[in-house]
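Below: the structure, in structure tokens.
Residue numbers start at 1 and run along the sequence shown.
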Amino acid sequence: MKKKIQSFIKENWPYMTASFFIPFFVMVIIYLSLGIYPGSSRSVMASDSFSQFSNFHASFNNVLHGKQSIFYTWNASLGLNYLSLISYYLGGLFTPLVIFFKNQNIPDALYLITLLKIGSAGLAFWVFAKNTYKIPKWGHVMLSVPYALMSFATAHSEIIMWLDAFTYLPLVILGIHRLMDERKPTLLFVSYLLLFISNFYMGFMIGVFSFLYFIARMLTNWKVYKKRILPYGITSLLAGGASMILVLPAVLDLRTNGETLSQVTQFKTEATAFWDIVMKNMIGVYDTTKYGSIPFIYVGLLPLIFCIFYFVTKEVPKKNKLLFGSLFIILIASFYITPLNLFWHGMHAPNMFLFRYSFLFSFLVVLLAGYGFEKFKKDDLGLLVGSTIMLIAIFALAEGTKSAISYDYIPITAFVLTVLFLLLYLAGIAFYQLKKIPMHYLILLLLILVSTEAFVNTNRMLKGILDDWNYASRSLYSEPYPSIKKLVDKTKKENDEFYRLENLNPVSSNDSINYGYSGVSLFSSIRNRHSSSYLNDLGFRSRGTSLNIRYPNNTLLMDSLVGIKYNISESDPLKFGFSQTDKAGKFSLYENSNALPLGFLADTDIYKVKQPTNDNLSSQTELFNALSGQKENYFKFYQPTIIDKKNVKIEQNAGSVTYKEVQNNIAKDITWTVNVPANTQAYLSLFPTDFGQLESSTATMSVNGSSQKSQINITGQYYNIGYYDKPTSVTFTVSFYGTTAVSFMEPKVVGLDTKAFERSLQAIQDKGADLTAKGRKAVGTVNAEKDQVLLTTIPYDKGWKAYVDGKKVPIQPFKKAFVSIPVTQGEHTIEFVYLPEGFVPGVILFIVCIGGFVVYVRFTNKPKLALVKPNKRKRKKREINIL
């Protein structure tokens, strides 16, 4: 076996190397032209890559270095199922490479991993082509380069978790071929398994497509291939079952905490138009990956030529054309018909980055192009030349009749380049057919042209990302890192018990999972929706399905309740009970003397606390009083007075007010004054009348030399204007920027009575249970004066198990959000242990299905001797039946 591999590599290394490194270096060169390279000031991070993927990869680095459990993280919005997060964001084979990078240098890790995944896609398609098409050896490379650099892959190259799928897709289809033609299921099993483990989301799309492909190919030769239905079904089911080690915990988690299914409200997909398929096959057409985009299906003009040739040549049976053409019909129909489009996305409408399955169209083009190239001959009756001329005519017709509104993003240069390359391909093919050049020269010429075309198109795709999203500066990510990390590490050294921390000037919304501290904020498709929803009701903003939750702009009550012991901030947070303890760079560390522990005892009446309403201050009050046994009134309202305004026109409405710009693109500044009583923490309440209209609007609160900037529709309602131990007339300014107008319910100043707050806080602290949280466990002791409830701020998840004095006790979810357990009178040892729901069955399925597949392969590959009766006239050979 070893000699066979060595011989194969020795024979094919030039083609393998080219199929990997041509796409690899095309990306390197274009990134370099954008100022992106290892250590560059501009990073490879764009869109979600900055806030999500960089931090999630950094967290995986923490796992690899033993700083965090692979099952659970305390460092993502109070606490989170980390295995589920891995299955969606971090399942790729290249992810462990982050171990060779420091978290401060994760941008370089993402750069390298992106290049490796693009190159691997090219190599994977070469493997498929080498084992599929009977064409010249460099022809396999000629097809692999455009596949690796198709528009979908390059236009979404910052979505690093999707790129693995492009490596596994050709291997899955090759596995189907081997199973159908050679009765060898191993490649299909392994490819499916790695695909589903890498990313179950893309795995679903490829799984559906590959099933349809199997059916189409089976029907090309029903008499022979019908016998492969059972082997295909067994192999697919066993691979899917083995993948449940990661997929099952994720599916169960998403069933509880995921997005709701989208409703079909219209038949035709939004923004799509008649010429989309033609226009998106031109060179360098990038519209957007935000809302209103159309599918990215470009995979190169030469594959498109030979794909069309596949359908026009008489060398291909009509049945095959109809069957594989039906796959195109299904995909194109899905681009335009909303129910079909939603199906490919798991019945959930994507949040930007639309038509996420459109890479399947590109793959099908290249796949059939290979078969078309097989049938290409010197004398093809002019079909290939005619197909190319027809393409030019179609592109010209589309360009001439296109709607200026629908396709305003397509420059004339895209059409010119498209026609130019089609003419170059036409010239090369014509020279070959006129016997001016031999086939091997033609292949090399076409490879050069294909690589050049791919370079031009990829350059436009990456520049499109730059214009659409911008590649973030490395300094935004790396520069604050040493200072923040130093302060975070200091808090870890000073604390044995569990605590939480938040940065008022964060680098991104997912800092906590990177730096390794427990906080509130999170932006992730994998989240604990119930706990975030409850926190939203208590003032931490987490609207809709809780894709986001943010810490800023809430009250001291909630700081205490969720155990915020520290704030990191560039300026004084002006909070009662917070005092500065350290400083690093431009950041200072402030310690909160009023933070509550992870758990606290409460009477059983705590479950009778009313479900929060839209009035989060009343909800905070009721919960705090129920925990403390007090009947305090913490909040009072005061009317502020506007004393100055700049660039703003004020419009009063019934119960609301609108602040409009006078001059565009200049901040709207409003200065208020208010009399704050003694012993009061004061906040300005700004509640938008329409969150959707304020997506890009910010508010900067400036008071007493400190300022904090917030995104209005993302963060909370209560903008801090400071603590005052004596009656004080406070003047503060809010600067609004980003939209021409902002509308709020009539702004009020909310005053928190710190004396009442302290009385209740002390009562809760007296019943506190200091728990130590590490890995996937939280342990500690409690001393209950009577039968009570231990309420924690651990987000409730079915994966939690609780033990009191070593005996398992039932967990009672508090408001579906937090873990609580009953405790009897006396002193007890408490232990909470987490294991993702579905993990144990997933492990069992993993072992059973892999073992079952091994047995299946050995059984089906075992020679079976057919019993033959002796025949004196003629000896019959033994029949060997290999399934």
*Does Y111 have its ring centroid less than 6.0 Å away from the ring centroid of Y31?*
yes

*Under 4.5 Å between any side-chain heavy atoms of V26 and S451, yes or no?*
no

*side-chain contact (heavy atoms from CB on, under 4.5 Å) partner of L422, the single match among T388, L417, I389*: T388

*Step by step, work out the side chain to side chain contact (heavy atoms under 4.5 Å, CB included) result for Y336 and D276.*
CA-CA 10 Å; Y336 290 94; D276 289 357; 3.5 Å; yes

*Answer yes or no: are there more than 12 heavy-atom neighbours, outside K463 itself, under 6.0 Å from its atom NZ?*
no

*Is there a donor in the side chain of Y225 and an acceptor in the side chain of D181, or the other way round, less than 3.5 Å apart?*
yes

_Tell me if the centroids of the rings in F125 and F128 come within less than 6.0 Å of each other._
yes

*asked:* Parallel, tilted or perpendicular: which one describes the rings of Y371 and Y310, with boundaries at 30° and 60°?
replied: tilted

*asked:* For F353 together with W469, are the ring centres under 6.0 Å from each other?
replied: yes

*Is any side-chain heavy atom of W126 closer than 4.5 Å to a side-chain heavy atom of P170?*
no

*asked:* If the test is ring pair (Phe, Tyr, Trp, His ring centres under 6.0 Å), which one of Y213, Y232, Y133, F214 qualifies with H177?
replied: Y213

_Passing option when Y357 is tested against F335, F209, W162 for ring pair (Phe, Tyr, Trp, His ring centres under 6.0 Å)_ = F335

*Kindly say whether the aromatic ring centers of Y409 and Y286 come within a distance under 6.0 Å.*
no

*For the rings on F204 and F200, is their centre-to-centre separation under 6.0 Å?*
no

*Please report the shortest heavy-atom distance between F523 and Q52, naming the atom on each side.*
O-NE2, 3.0 Å

*Establish, yes or no, whether a centroid distance under 6.0 Å links the rings of F53 and F56.*
no

*asked:* Strictly by side chain to side chain donor-acceptor pair (under 3.5 Å), give each pair with a member in residues 411-429 just once, sequence neighbours left out.
replied: Y425-E453

*Nearest atoms (heavy-atom pairs only) where S262 meets L342*: CB-CD2, 4.0 Å

*So, F376 versus Y432, ring centres under 6.0 angstrom or not?*
yes

*Measure the shortest side-chain to side-chain distance between V366 and M150 over non-hydrogen atoms and say whether it is less than 4.5 angstrom.*
no

_Check: S151/N457 side-chain N/O donor and acceptor closer than 3.5 Å_ = yes

_is_close_aromatic(Y192, Y168), centroid dist under 6.0 Å_ = no

*Between N351 and Y291: side-chain donor-acceptor atoms closer than 3.5 Å*: yes

*Under 6.0 Å from the CD1 atom of I405, do we count more than 12 heavy atoms belonging to anything else shown?*
no

*asked:* Using the ring pair (Phe, Tyr, Trp, His ring centres under 6.0 Å) criterion, which residues pair with F431? Sequence neighbours excluded.
replied: none

*Between T288 and D468, do the side chains contain an N or O donor and an N or O acceptor separated by less than 3.5 Å?*
yes

_Aromatic centroids of H156 and F296 separated by under 6.0 Å_ = yes

*Would you find more than 12 non-hydrogen atoms of other residues, nucleotides or ligands less than 6.0 Å from K318 atom NZ?*
no

_Surrounding CD of Q266 (heavy atoms of other residues, nucleotides or ligands, distance under 6.0 Å), is the total greater than 12?_
yes

*Establish, yes or no, whether a centroid distance under 6.0 Å links the rings of H57 and F94.*
no

